[in-house]
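Just so we're clear, the structure is a prediction, and the values are computed from it rather than from any experiment.
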Amino acid sequence: MTDVAAPRYVIEGRTGPWELVLGLEVHAQVASKAKLFSGAAVGFGAGPNEQVSLVDAGFPGMLPTLNRFCVEQAVRSGLGLRARINRRSQFDRKNYFYPDLPTGYQISQLYHPIVGEGVVEVERDDGSFFEVRIERLHLEQDAGKLIHDLSPSESYVDLNRAGTALMEIVSRPDMRTPDEAVAYLKKLRTILIYLGTCDGDMEKGNLRADVNVSVCRPGQYEKYRASGDFSHLGTRCEIKNVNSFRFISQAIQYEARRQIEILEDGGKIDQETRLFDPNKGETRSMRSKEEAHDYRYFPDPDLLPLELEEAWIESIRASLPELPDDKRRRFMSHYGLSQYDAGVLISEQAKADYFEAAAQGRDAKLVANWVTNEVSARLTADGRDFADNPLPAAHVAQLVELIETNVISSKIAKEVFDHVWNGEGSPAEVVERHGLKQVTDTGAIEKAVDDIIAANPDKVEAVKDKPQALGWFVGQVMKVTGGKANPAAVNDILKAKLGL
C-alpha cells in the first residue's frame with residue numbers, strides 16, 4: 001500500500017524551480033504521573049512552582065532516580081513506530097545555562113538512544129501513502145518556563161515543567177510538502193494517543209515540533225536518497241517549538257520563500273534556529289544552530305547505562321493495543337468500508353471505538369456516515385470531541401435500525417436526530433412521541449398520488465416526454481405526506497400510474 005514516490009511540489013523562483021525538503025523533531029510529553037528523574041507530580045493547571053522537587057530545582061547533592069514507567073512508555077512508543085528497541089542505552093548531560101534550567105544541564109540521550117530506526121506509514125489527502133523513516137526516539141527532561149509579562153523589569157521562573165519526561169522523535173528528511181509534514185505529525189499524534197504514551201494535547205504544549213526546512217533544485221533530493229549524502233540538500237534551518245498544524249504549514253511556506261529569495265540574490269543560508277510568529281506569519285532568527293560539541297555532551301556520571309531485558313520488551317509488545325494501520329485494514333475487510341471512511345474513523349481512537357459500538361449488527365456504511373457526518377458536525381459545533389460525546393453509540397445504532405427496517409426515511413432520520421441530540425430520548429421514543437413513522441400504507445400513498453395527478457394534467461403530459469420530471473411528482477407526494485411516505489413506494493406507484 002505504500003507509495004514512496006513524493007508528489008511534485010515545485011516553488012517557482014526568479015531563477016527557476018525549487019523543491020522542499022522537510023524533517024521533524026517532535027517533542028512528546030510522556031503520559032506519566034511523575035517526572036523522569038524525580039517523584040514530583042506532573043499535571044496541567046497547578047500554581048507556579050507547586051510541582052517541583054529538590055532534584056528539579058537543582059539543589060546540590062540531589063541525585064536523579066530514573067522513572068521505570070517513563071522507560072516503559074518510551075519502549076511502547078518505539079514498538080508502535082515499528083522501531084528497533086536498543087537493549088542498552090545511555091543518558092548524557094547536555095550543558096547550557098538558562099534561568100529555567102537550574103542544574104545548568106539537561107539530561108538527554110545523544111549517542112545511545114533508547115529507540116533506534118523505525119518507520120511511519122502516512123496517508124496523503126489524495127489517498128496515496130508514503131513512509132517517513134524514524135531516525136531515533138530518545139528520552140530527555142523538559143526545562144521550566146520563563147514568564148515575561150508579569151513585570152516590566154523582571155522575568156519570573158516556573159519550574160513545574162522542569163524534569164518532565166519528554167520523548168524526542170526525530171524523523172529523516174522524508175517529507176516534501178507542507179501537507180505531508182502536517183499529515184505525518186497527525187499520524188504520529190494518533191499513534192501515541194492509541195498507545196497511551198502521550199495525550200497529544202498541543203494547546204498545553206504536550207506535543208510540539210521543531211521543523212527543519214531546506215530547499216534544493218529538482219533532482220537533488222533523489223541524489224540524496226540514492227547516496228545518503230546530505231551535501232546534495234540545501235542548508236536547513238530549524239523552526240522551534242511549533243504547536244499547531246496550521247502554524248507548521250504556514251511556517252514551512254514562509255521559511256521556504258525566505259530561503260529561496262536569499263539564494264537567488266546570491267546569498268547563503270546560515271544554519272540556525274528560528275521562531276515562528278503566528279501574528280505576522282513569519283519566522284525570525286532565534287540563535288545560530290549549535291552542534292553537539294557546543295553543548296559539551298558527556299555521559300551523566302549519576303546514571304548507569306540503561307539495560308533492558310528482552311523478556312520485558314516482549315511483555316510490552318504483547319500488551320500493545322490495535323494500532324491505527326491495523327485498525328484501518330480491519331475496518332475495510334470486516335465492515336466493507338472504503339479506505340477513506342476507514343481512515344476518517346481511525347483518526348481518533350474514541351471515534352473508532354464509538355463507530356464499532358454502534359455498528360454491531362447494523363449497516364456499517366450507514367453507521368459510518370452518521371458518525372463521520374452528523375455526529376462529528378454536532379460535536380464540532382459544541383466544541384467537543386468523541387471522548388466527550390454525550391450521545392450514546394446505542395442511539396446511533398437504533399437510528400440506523402429504524403432506517404433499515406423502513407420505520408423512518410433517511411430524511412426523517414435527520415429530524416429524529418435533532419430531537420435525540422437535544423436530549424428528548426432515544427430515536428424510537430422520539431419517533432413514537434412525534435408521530436414520525438414512515439407511511440408504508442400503499443392505499444394512503446395511492447390516494448395522494450391520484451389527487452396530485454388529477455390536479456396537474458399538464459404535468460402528467462409533460463412527464464411522458466421528459467421522464468426526469470418524475471421528481472416533481474415525488475416531491476409533491478412527500479410534501480403532502482409530511483415527508484413520511486416511503487420513497488421507494490412513492491416512485492413505484494407514480495411510475496405505474498403515469499405509465500413510465
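Leu36 is not listed as a side-chain neighbour of Thr164, based on a closest heavy-atom distance of 4.5 Å or more. By the 4.5 Å heavy-atom criterion applied to side chains, Leu303 and Ile107 are counted as neighbours. Counting only heavy atoms from C-beta outward, the side chains of Arg317 and Glu314 approach each other to under 4.5 Å. Leu207 has its side chain out of reach of Asp201: every pair of non-hydrogen atoms, C-beta onward, lies at least 4.5 Å apart. Counting heavy atoms from C-beta outward, Pro48 and Tyr156 have side chains that stay 4.5 Å or more apart. Contact of the Leu20 side chain with the Ile252 side chain is registered, since non-hydrogen atoms from C-beta on lie closer than 4.5 Å. Looking at Pro299 and His112, their side chains never come closer than 4.5 Å, going by heavy atoms from C-beta outward.
Between the side chains of Ser108 and Glu140, at least one donor N or O sits under 3.5 Å from an acceptor N or O. Using modelled atom types, one finds no donor on one side chain facing an acceptor on the other under 3.5 Å when comparing Gln109 with Asp92. One side chain, His419 or Glu424, offers a donor N or O that lies under 3.5 Å from an acceptor on the other. A donor atom on one side chain and an acceptor atom on the other are found under 3.5 Å apart for Ser155 and His148. Side-chain polar atoms of Thr283 and Glu255 form a donor-acceptor pair below 3.5 angstrom. Inspection of the Asp179 and Thr177 side chains reveals no N or O donor paired with an N or O acceptor under 3.5 Å. Side chains of Ser77 and Gln73: a donor-acceptor N/O pair is absent below 3.5 angstrom, by distance only. No side-chain donor from either of Arg161 and Gln51 sits under 3.5 Å from a side-chain acceptor of the other. Asn86 and Arg88 are not linked by any side-chain donor-acceptor pair at a separation below 3.5 angstrom, with hydrogens and angles left out of the test. Between the side chains of Glu356 and Tyr335, at least one donor N or O sits under 3.5 Å from an acceptor N or O. A donor and an acceptor atom, one from each side chain of Glu282 and Gln250, are nowhere located under 3.5 Å apart. Between Trp18 and Glu264, the side chains place a donor N or O and an acceptor N or O closer than 3.5 Å (distance only, hydrogens not considered).
A cation-pi arrangement is absent between Lys94 and Tyr105 under the rule of less than 6.0 angstrom and at most 45 degrees off the ring axis. Under the 6.0 Å distance and 45° angle rule, Arg176 does not count as a cation-pi partner of Tyr9.
Judged by distance alone, the side chain of Ser347 and the main-chain N or O of Val344 form a donor-acceptor pair under 3.5 Å. Checking side-chain atoms of Glu261 against main-chain N and O of Arg258 turns up no donor-acceptor pair under 3.5 Å. Side chain of Tyr194 to main chain of Gly80: no donor-acceptor pair is present (N/O by atom type, distance under 3.5 Å, no hydrogens or angles). A distance-only check finds a donor-acceptor pair linking the side chain of Asn373 to the backbone of Asn369 [under 3.5 Å]. When atom types are taken as modelled, the side chain of Arg208 and the backbone of Gly205 share a donor-acceptor pair closer than 3.5 angstrom. Formation of a donor-acceptor pair under 3.5 Å by the Asn212 side chain with backbone atoms of Pro173 is not found in this model. Panel note: side chain Asp142, backbone Gly163; no donor-acceptor pair is recorded below 3.5 Å. The closest donor-acceptor contact from the side chain of Arg133 to the backbone of Val119 lies at 3.5 Å or more, if one exists at all. Of the possible polar contacts, none joining the Asn67 side chain to the Ser32 backbone as a donor-acceptor pair under 3.5 Å is found. At distances below 3.5 Å, at least one donor-acceptor pair connects side-chain atoms of Ser376 with backbone N or O atoms of Val371.
The aromatic rings of Tyr224 and Tyr221 lie tilted to each other, with the angle between the two planes from 30° to 60°. A perpendicular orientation is assigned to the rings of Phe91 and Phe37, their planes being inclined by more than 60° (bins at 30° and 60°). Aromatic ring orientation, Tyr297 versus Tyr111: perpendicular (interplanar angle above 60°, classes split at 30° and 60°).
A salt bridge links Glu322 with Arg330: the closest approach of a Lys/Arg side-chain nitrogen to an acidic carboxylate oxygen falls below 4.0 angstrom. Contact check on Glu117 versus Arg172 returns a salt bridge, with a Lys/Arg side-chain nitrogen under 4.0 Å from an Asp/Glu carboxylate oxygen. Residues Glu180 and Arg124 are paired through a salt bridge, judged by an N-O separation under 4.0 Å between the basic side chain and the carboxylate. A salt bridge does not link Asp294 with Arg287: every distance from a Lys NZ or Arg NE/NH1/NH2 to an Asp or Glu carboxylate oxygen is 4.0 Å or more. Arg93 and Asp300 are joined by a salt bridge, as a carboxylate oxygen and a charged side-chain nitrogen come within less than 4.0 angstrom of each other. For the pair Lys35 and Asp56, the salt-bridge criterion is met [side-chain N within less than 4.0 Å of a carboxylate O]. Using a 4.0 Å cut-off between charged side-chain N and carboxylate O, Glu121 and Arg328 make a salt bridge. By the 4.0 Å N-to-carboxylate-O rule, Asp199 lies too far from Arg189 to be salt-bridged with it.
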Original post:
Between Asp229 and Lys223, is a salt bridge (Lys or Arg N to Asp or Glu O under 4.0 Å) present by the stated rule, with each step listed?
Top reply: CA-CA 8 Å; Asp229 184 355; Lys223 290 182 180 179; over 6 Å; no
Original post:
Should Arg87 and Glu310 be marked as a salt bridge (Lys or Arg N to Asp or Glu O under 4.0 Å) after you check the CA-CA gap, both sets of side-chain angles, and the distance that decides it?
Top reply: CA-CA 7 Å; Arg87 292 276 303 277; Glu310 189 64 33; 3.6 Å; yes
Subject >> Residues Asp270, Lys268; criterion salt bridge (Lys or Arg N to Asp or Glu O under 4.0 Å); working and verdict >> reply: CA-CA 6 Å; Asp270 295 323; Lys268 69 180 186 69; 3.1 Å; yes
**OP:** Any chance you could lay out the side-chain contact (heavy atoms from CB on, under 4.5 Å) test for Leu379 and Asp385, step after step, and finish with the verdict?
**Re:** CA-CA 6 Å; Leu379 289 172; Asp385 55 30; over 6 Å; no
Original post:
side-chain contact (heavy atoms from CB on, under 4.5 Å) between Met202 and Phe245: does it pass, once the steps are laid out?
Top reply: CA-CA 9 Å; Met202 300 180 75; Phe245 299 126; 3.6 Å; yes
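The neighbour count for Lys187 NZ, taken as heavy atoms of other residues, nucleotides or ligands under 6.0 Å away, is above 12.
Closest heavy-atom contact between Cys237 and Ile269: SG-CG2, 3.6 Å. Residues Ile346 and Thr190 approach most closely at O-CG2, 3.7 Å, considering heavy atoms. Closest of all the heavy-atom pairs between Ala34 and Val42 is C-CG2, 3.5 Å. The two residues Ala28 and Leu192 have their closest heavy-atom pair at CB-CD1, 3.7 Å. Minimum interatomic distance between Gln349 and Ile193 (heavy atoms only, all atoms of both residues): OE1-O, 3.6 Å. For the residue pair Ser214 and Gly234, the shortest heavy atom distance occurs at CB-O, 3.4 Å.
Distance check, rounded to the nearest 0.5 Å: CE of Met286 to CD1 of Ile239 gives 13.0 Å.
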